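Working notes, structure below.
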Amino acid sequence: MYFSGGLNRNKRKIARNEYEATLLEIEKSELDFLSNQKEQINNYNYAVHTYDLMERGYELACRQYQLAVQKFALGKISVYELTSTRQEQYTAMQDYYTAMESLYVNYYNLRHLSLYDFVRKQSLEELLVP
């Protein structure tokens, strides 16, 4: 009987330690989740700004190319300069499409993480359950 009380006390202490360890794991998981949410929001905001910049850059490159075509027609620039301007426009277009892709990927990651449709302004659960 004497040893039984000591074993039960040790089992209670072990159970208490496991309980506290589980509470710490839960708290850490919640902090990780919040940190991940903030990171996804920052990524999305960065993607929006990058998209805006790349869109303006692409529009500028298109205008520069149109001007180069006009100058080439007048004989004011060489084929090399025209080709160079076309390459710059193509590079700007690729950057613009990459920024667009990044924006949509980050948007849908954020939507998936939050389970919220920002366009319809409702929970994704409401969309799935009639």
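Bear in mind that the values here come from a model prediction, so they are computed numbers and not experimental data.
Side-chain atoms of Leu67 and Gln64, non-hydrogen and from C-beta on, never get closer than 4.5 Å to each other. Proximity of Tyr58 to Met54: side-chain heavy atoms (C-beta onward) are nowhere separated by under 4.5 Å. Looking at heavy atoms from C-beta onward, Glu30 lies in side-chain contact with Ile26 at the 4.5 angstrom threshold. Within the 4.5 Å cutoff, the side chain of Phe33 has no heavy atoms near those of the Ser29 side chain. Here the side chains of Ile14 and Glu18 are in contact, with some heavy-atom distance below 4.5 Å.
Aromatic ring orientation, Tyr107 versus Tyr44: tilted (interplanar angle from 30° to 60°).
Linking Ile, Leu, Val, Met, Phe, Trp and Tyr residues whenever their side-chain heavy atoms come within less than 4.5 Å places Tyr51 and Leu110 in a single cluster. Hydrophobic clustering places Tyr104 together with Ile41 (ILVMFWY residues linked when any side-chain heavy atoms are closer than 4.5 Å, directly or through intermediates). Connection of Leu103 to Tyr108 is established within a shared hydrophobic cluster, with ILVMFWY side chains joined at heavy-atom distances below 4.5 Å, either directly or through further cluster members.
Interatomic distance, Leu113 CG to Asn106 CG, rounded to the nearest 0.5 Å: 11.5 Å. Going from atom CG of Asn17 over to atom OG1 of Thr22 covers 10.5 Å, rounded to the nearest 0.5 Å. Separating the CD atom in Gln70 from the CD atom in Gln66 is a distance of 7.0 Å, to the nearest 0.5 Å.
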Sequence neighbours excluded and cut-off under 3.5 Å, please list the side-chain donor-acceptor pairs for residues 72-93, or say none.
from, atom 1, to, atom 2, distance (Å)
Ser78, OG, Tyr80, N, 3.4
Ser78, OG, Glu81, N, 3.3
Glu81, OE1, Ser78, N, 2.9
Thr83, OG1, Val79, O, 2.8
Thr85, OG1, Glu81, O, 2.8
Arg86, NH1, Gln89, OE1, 2.7
Tyr90, OH, Gln94, NE2, 3.2
Thr91, OG1, Gln87, O, 3.0

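Under 4.0 Å is where a charged nitrogen must lie from a carboxylate oxygen, and between Arg56 and Asp52 no such pair does.
Heavy atoms of other residues, nucleotides or ligands lying less than 6.0 angstrom from CD of Glu27 number 12 at most.
Residues in residues 89-114 take part in these salt bridge (Lys or Arg N to Asp or Glu O under 4.0 Å) pairs, two or more places apart or across chains: Arg111-Asp117.
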